[in-house]
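By convention in this document, chain letters (A, B, ...) are assigned in the order of the sequence lines, proteins followed by strands, and residues within each chain are numbered from 1.
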Number of protein chains: 2
Amino acid sequence: MAESAALTRQEQKERTRAALLDAALELSQESGFAQISLRQVAKRAGVVPAAFYRHFASMDELGLALVERSFATLRRMIRDAQRDPDVFAHIIDAAAEVLVETVKVNKAHFAFVARERVGGSQAVREAINHELDLFVSELAVVLARLPNIENWSSDDVQMVARLFVRNMVANAEEVVEMPDGRPDLEAKIKEGARRQMRLIVLGFEKWRS
Amino acid sequence: MAESAALTRQEQKERTRAALLDAALELSQESGFAQISLRQVAKRAGVVPAAFYRHFASMDELGLALVERSFATLRRMIRDAQRDPDVFAHIIDAAAEVLVETVKVNKAHFAFVARERVGGSQAVREAINHELDLFVSELAVVLARLPNIENWSSDDVQMVARLFVRNMVANAEEVVEMPDGRPDLEAKIKEGARRQMRLIVLGFEKWRS
DNA sequence: TAGTTGAGTGAACGGGTGTTCACGGCGTGT
DNA sequence: ACACGCCGTGAACACCCGTTCACTCAACTA
């Protein structure tokens, strides 16, 4: 059975674990994580159901691991975007662009987060909302340095950050629901996101308390 | 003829149907509509599983009936609010107030819509998103008559309506997730919704194209 | 090299699932 | 007063589910 190279015990275990995570993510795209079964996941991963327990104590635990993995890619998206000088120059156009593109590439992860944020088990829901709260706070720090905002109360900044993240999530949901190979729809979503953000930013100047 | 007990055949049937709908709504509050079973619903409704089929061909069909029922209460909320002269006078404060109060009273229906909008079966999801699109269009008609908006393009008006409905849905989700008997949290959500709407409205004046 | 460890196996269990079917009983139209 | 129609019944079916157990056998360790 030695295909490529001899695998150490640890490598093999990690590989199976990853196969289980991939299988679960894949299956949950079709019907939602909450409705897939341990047996389906094991089967798709090419493993007997009992072997599942060598890696996770329950489907809930696997779900939490998936949350972590999904938010890791989300954070990477933000980090990469901040490094790009074009993004800072035309922040709104870039944000819409980056959002749609990244969601398209990591569709499975975003679909998982969007769905399970409200539809999942209690534990998974709480984990996702906690991560999103962290995300709002991170964005608030960035926003607080913008010209029109620098002397707002921190409550107000937090509010605006929530407004943005909320819309980001909603736009991500739209991209996820979007059928493949429809560049027209994609452009429409991008344009919609851009205009919504511009409208919100326009309100910045006149805001008081 | 008999005033108290005797029920006509039709009345009795409708009563069982309603019991099934109520049972499903109740159970879906605890764990989500997609994870409850036909047998659980029948049991809670006080009926044998096979009897279910006298009223619905499948759980999916029952789900669609629930979507209809839930949006009926949502529409009633808007209709009632428009009749109230106070609402037109202080439109934003009133909207936040009405939203939170109505969601609190009809928690089950809003929870159902919020969850199944993204987490439900394909058919249920599509039905809900269709209803929400109708709702956006209705709101767009109302918004188009506002002073700063009256000569916007219809695309722009639709965009703003989407922004509002999106936030309404998100705020409704928050109220639904809110534990009972926490007037402080409730006030916070209300205040957050109010400020978000004010910020968006501020952008109206300066909007072009 | 011999012994230990632990990832993966295959079978078995008890229980919940959707769906079907013949049947009983009661409101109903004749 | 009678026969019909239809809602609800209870049993049966064939599945799929999560979980357990003793097991194998290859990678590791001493």
Side-chain angles (χ1 to χ4, degrees), chain A residues 1-24 26-28 30-66 119-124, chain B residues 1-24 26-28 30-66 119-124:
Chain A
M1 305 304 168
E3 312 204 335
S4 51
L7 292 166
T8 76
R9 229 174 169 65
Q10 227 179 15
E11 281 171 340
Q12 181 52 47
K13 176 164 188 184
E14 192 110 347
R15 191 168 292 205
T16 307
R17 190 188 137 100
L20 286 168
L21 285 167
D22 287 342
E26 221 177 294
L27 286 167
S28 70
E30 293 158 21
S31 49
F33 180 78
Q35 13 273 334
I36 68 180
S37 68
L38 185 154
R39 287 177 110 102
Q40 286 176 309
V41 173
K43 188 174 202 176
R44 169 89 54 130
V47 133
V48 103
F52 181 95
Y53 294 100
R54 301 277 182 211
H55 303 272
F56 304 100
S58 62
M59 281 293 281
D60 242 52
E61 205 178 289
L62 185 151
L64 294 181
L66 232 33
S121 74
Q122 176 118 353
V124 173
Chain B
M1 201 146 271
E3 284 91 331
S4 56
L7 294 165
T8 76
R9 226 173 173 68
Q10 228 178 15
E11 280 171 340
Q12 181 53 45
K13 176 163 188 184
E14 191 110 350
R15 190 168 293 205
T16 307
R17 190 189 136 99
L20 286 167
L21 285 168
D22 287 342
E26 221 175 297
L27 286 167
S28 71
E30 294 158 23
S31 49
F33 180 77
Q35 13 273 334
I36 68 181
S37 68
L38 183 155
R39 287 177 110 105
Q40 284 176 312
V41 173
K43 188 175 202 176
R44 170 87 55 129
V47 131
V48 103
F52 181 96
Y53 294 100
R54 301 278 182 211
H55 302 272
F56 304 99
S58 64
M59 282 293 281
D60 243 50
E61 202 177 293
L62 186 151
L64 295 181
L66 273 180
S121 74
Q122 176 119 354
V124 172

For a quick check, with a 4.0 angstrom heavy-atom cut-off, what is the B/S/- contact string for nucleotides 1-6 of chain D, read 5' to 3'?
----BB
Between dT9(D) atom P and Y53(B) atom OH, what is the distance in whole Å?
15 Å
Hey, where on DNA chain C does chain A first and last touch, going 5' to 3'? Cut-off is any atom under 4.0 Å from a heavy atom.
dT5(C) to dA12(C)
What donor-acceptor contacts under 3.5 angstrom involve side-chain atoms of residues 38-53 of chain B, with partners at least two apart or in another chain?
from	atom 1	to	atom 2	distance (Å)
Q40(B)	OE1	S37(B)	N	2.9
Q40(B)	OE1	S37(B)	OG	3.4
R44(B)	NH1	E26(B)	OE2	2.6

Residues passing the side-chain hydrogen bond (donor to acceptor under 3.5 Å, both in side chains) test with Q122(A), sequence neighbours excluded, are E126(A)
Base, sugar-phosphate, or nothing for T16(A), non-hydrogen atoms under 4.0 angstrom?
sugar-phosphate
Taking distance alone, no hydrogens or angles, what donor-acceptor pairs closer than 3.5 Å link side-chain atoms of residues 55-65 of chain B to residues at least two apart or in another chain?
from	atom 1	to	atom 2	distance (Å)
S58(B)	OG	D60(B)	N	3.4
S58(B)	OG	E61(B)	N	3.3
D60(B)	OD1	S121(B)	OG	3.1
D60(B)	OD2	S121(B)	OG	3.4

List in chain and number order the residues that pass side-chain hydrogen bond (donor to acceptor under 3.5 Å, both in side chains) with Q35(B), two or more places apart in sequence or in another chain; answer none if no residue qualifies.
none
Could you tell me whether Q10(A) atom CD has more than 12 heavy atoms of other residues or ligands within 6.0 Å of it?
no
Residues passing the side-chain contact (heavy atoms from CB on, under 4.5 Å) test with Q12(B), sequence neighbours excluded, are L7(B), R15(B), T16(B)
Could you check which residues of residues 32-52 of chain A get a heavy atom under 4.0 Å from DNA chain D? Sort them by number, please.
S37(A), L38(A), R39(A), Q40(A), A50(A)
Measure from CG on L27(A) to C1' on dC17(D) and round the result to the nearest Å.
15 Å
